**Student:** 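This is the structure I want to talk about, given as structure tokens.
Quick caveat: nothing in here was measured; it's all calculated off a predicted structure. Quick note on labels: first sequence line is chain A, next is B, and so on, each numbered from 1.
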Number of protein chains: 2
Amino acid sequence: MKIDPQKPADLSAQIAQAIRSAIISGELIVDERLPSEAELSDQFQVSRPTVREALKRLAAQSLIRTQRGASGGAFVNRISFEDAYAQQVTTSTLLLSMNAVSFDTACEARFALERACAPLSAQRRTADQLATMRAEIFRQAQPGLTDEAFCASDVAFHRALVDGAGNPVLSYQLAGAVEAMQPLMNMITFTARSREEIITLHNQIADALEAQDADKVDTTLVELENYTRKLACDVAQQRRKPA
Amino acid sequence: MKIDPQKPADLSAQIAQAIRSAIISGELIVDERLPSEAELSDQFQVSRPTVREALKRLAAQSLIRTQRGASGGAFVNRISFEDAYAQQVTTSTLLLSMNAVSFDTACEARFALERACAPLSAQRRTADQLATMRAEIFRQAQPGLTDEAFCASDVAFHRALVDGAGNPVLSYQLAGAVEAMQPLMNMITFTARSREEIITLHNQIADALEAQDADKVDTTLVELENYTRKLACDVAQQRRKPA
DNA sequence: AGACTTTTAAATGTCAGACAAATAATTTTT
DNA sequence: AAAAATTATTTGTCTGACATTTAAAAGTCT
């Protein structure tokens, strides 16, 4: 983590990459303090604003945090599951919205991932997680709920399902994927009839999880996936033929 | 996307958040040009270095790209799967290494995700993807291969499996998870015997995919997961008892 | 001596103004 | 009309300064 040939790209990007590599390689460890901005600018032979731009890049990735005052500075940050989760949601959401990913593709991915943790969840779900799911189902049955609120509750329900696996790595990966799909889901208008159908399936999933019946959870998730895709398909057809 | 109360946090962070929100909400669309740094500093009533720090934060997340010269500026970037993938690998790798995630937890997550796309892969894998898998298996059988190279080939093999599902969203999510585990996998020392065993399982997976036998792929992946965990367990025990 | 207050120093946050370099559009020249 | 030179715009970088925050050091009082 030293050199900067002034050949191609921005200096701040190069410096950020050098420090990033040092963190990833373990050369810099968690909570270690980086040299001060003045020292870094001296070390890299650039001005302080350039160093600062590099540090801001790293801060945007949650790789460092900064503290003002005496004995302040930039410290290597321990990335938390929350940090990672938030970044994943932002990235995934934009990825889906900017790349014309079809509803079917996203939906397939989402349910495939969810089914991946269903067996673990059936085995390990806690009473607390079951209660969360029941509560969300209850909320979904409330009349007068907006489509957005219904979708948000849907996400919370599936989030609880995923957390039931008791594997933080899975939770981080899957919850991000599920949440990133919400904008696409929000495009569906849920009739009273379709809400009823979804709630029925949600209840079946909760029941199966309570009974620790992994196979039943899986088949119901497949049913839910098919139904969700059918709903989206109907919406798309109605948009094409608004007669 | 306008206001900045000078109350709590860094101005550059606030400005970055304001622009980020505008992008996520669709207020700013792909390839749209942001105002120049001078205009932004005027608009937000801050200095140009502060604006620049905000823009570098966004650039670090691949939300914008910049171009110098007349008619240059900052443009809303279309996040590519490659960008998102790279970011996910960085984040996930650090998340695992910094949070004392156990090998078992990471391994369980990895294989759960991989099994999620196995049925799709069995159905849709192309001849090209099968060829990639066979080539990696061949490479893994070479004598004199370092443990690191063996692991890298293992990642490539599983990457091909995941790509076989033909779902870019799944590929992006899963390949990142698999690759993030590589540093943990690298801690295992593979004996000639264990390599042989893994290669046998890889061959069985490739055969099953070729035969489009989803069940067989699944059971073999379970076997591979159990074997991998056993290897890691042995390594851990040997470390404890170096007698 | 011990607890409280004040001062100091170090560090990040912000600003202002300047110049360099790249690049597209415009103007001039051939 | 084509090529070359000029110009204007914009990002990249530098210098130097001041503001703000914060922990530690110094000082003061009981």
**Student:** Check whether any side-chain nitrogen or oxygen of A:Thr66 sits under 4.0 Å from OP1 or OP2 of C:dG13, and answer yes or no.
**Tutor:**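 Checking C:dG13 against A:Thr66, a side-chain N or O does come within under 4.0 Å of OP1 or OP2.
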**Student:** Check whether the side chain of B:Arg68 and the base of D:dT10 form a donor-acceptor pair under 3.5 Å.
**Tutor:**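 No, the side chain and the base share no sub-3.5 Å donor-acceptor pair.
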**Student:** Both B:Lys56 and A:Pro49 contact DNA chain D. Taking the nearest nucleotide for each, which residue is further toward the 5' end?
**Tutor:**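 Upstream on the strand: B:Lys56.
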**Student:** Check this for me: does any side-chain nitrogen of one of B:Arg57 and B:Glu53 sit under 4.0 Å from a carboxylate oxygen of the other?
**Tutor:**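 No, B:Arg57 and B:Glu53 are not salt-bridged.
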**Student:** Could you tell me how far apart B:Ile64 (CD1) and D:dG12 (P) are, to the nearest whole angstrom?
**Tutor:**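 For the pair B:Ile64 CD1 and D:dG12 P, the rounded distance is 9 Å.
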**Student:** If I take atom CG in residue B:Leu40 and atom C1' in nucleotide D:dT9, what distance separates them, rounded to the nearest angstrom?
**Tutor:**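 In whole Å, D:dT9 C1' and B:Leu40 CG are 15 Å from each other.
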**Student:** From the options C:dG13, C:dA24, D:dC14, select the nucleotide whose nearest atom is closest to the side chain of B:Ala70.
**Tutor:**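 Nearest nucleotide to the side chain: C:dA24.
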**Student:** Is the shortest side-chain N/O distance from B:Ser71 to OP1 or OP2 of C:dA24 below 4.0 Å?
**Tutor:**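 Answer is no, no contact under 4.0 Å.
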**Student:** Can you tell me how far P of D:dT21 sits from CG of B:Asp10, to the nearest Å?
**Tutor:**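 It works out to 11 Å between those atoms.
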**Student:** Side-chain contact test, heavy atoms from C-beta onward, threshold under 4.5 Å: evaluate it for B:Phe190 versus B:Leu145 and give yes or no.
**Tutor:**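 A side-chain contact under 4.5 Å is absent here.
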**Student:** If I take atom CG in residue A:Leu34 and atom P in nucleotide C:dT12, what distance separates them, rounded to the nearest angstrom?
**Tutor:**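 It is 9 Å, rounded to the nearest whole Å.
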**Student:** Assess whether one donor atom and one acceptor atom, taken from the side chain of A:Arg52 and the base of C:dT14, lie less than 3.5 Å apart.
**Tutor:**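 Looking at the base of C:dT14, it does not pair with any donor or acceptor on the side chain of A:Arg52 (distance under 3.5 Å).
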**Student:** When you get a sec, tell me which of C:dA16, D:dT10, D:dA17 is the closest nucleotide to the side chain of A:Arg48?
**Tutor:**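 Looking only at side-chain atoms, A:Arg48 lies closest to D:dA17.
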**Student:** Per the side chain to side chain contact (heavy atoms under 4.5 Å, CB included) rule, which among B:Arg110, B:Glu136, B:Glu179, B:Met181 passes with B:His158?
**Tutor:**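 So the option named by the test is B:Arg110.
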**Student:** Expressed as a whole number of angstroms, how long is the span from B:Asp42:CG to C:dA16:C1'?
**Tutor:**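 My rounded result for the distance is 14 Å.
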**Student:** Could you work out which one of D:dT10, D:dT13, C:dA11 sits closest to the side chain of B:Ser36?
**Tutor:**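 When the side chain of B:Ser36 is considered, D:dT10 is the closest of D:dT10, D:dT13, C:dA11.
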**Student:** Can you tell me which nucleotide in D:dT9, D:dT22, D:dT13 comes closest to the side chain of A:Ser12?
**Tutor:**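 So the nucleotide nearest the side chain must be D:dT13.
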**Student:** Roughly how many Å is it from CZ in A:Arg65 to C1' in C:dT12, rounded to a whole number?
**Tutor:**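 After rounding, the gap between these two atoms is 15 Å.
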**Student:** Using side-chain heavy atoms (C-beta onward) and a distance below 4.5 Å, is A:Glu148 in contact with A:Gln182?
**Tutor:**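 They are not in contact (no side-chain heavy atoms under 4.5 Å apart), so the answer is no.
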**Student:** Figure out the CD/C1' separation between B:Gln45 and C:dC15, and round it to whole Å.
**Tutor:**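 For the pair B:Gln45 CD and C:dC15 C1', the rounded distance is 13 Å.
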**Student:** Over how many whole Å does the gap from B:Gln67 atom CD to C:dA25 atom C1' extend?
**Tutor:**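 Rounded to the whole Å, the gap is 15 Å.
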**Student:** So, A:Asp163 and A:Arg124, do they make that salt bridge, N to O below 4.0 Å?
**Tutor:**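 Looking at A:Arg124 together with A:Asp163, the answer is no, because their closest N to O distance does not fall below 4.0 Å.
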**Student:** Of the nucleotides D:dC14, D:dA8, D:dG12, which has the atom closest to the B:Glu37 side chain?
**Tutor:**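 Taking heavy atoms from C-beta onward, the closest nucleotide is D:dG12.
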**Student:** Nearest to the A:Arg33 side chain among C:dT14, C:dG13, C:dA11, which nucleotide is it?
**Tutor:**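 Between C:dT14, C:dG13, C:dA11, the one nearest the side chain of A:Arg33 would be C:dA11.
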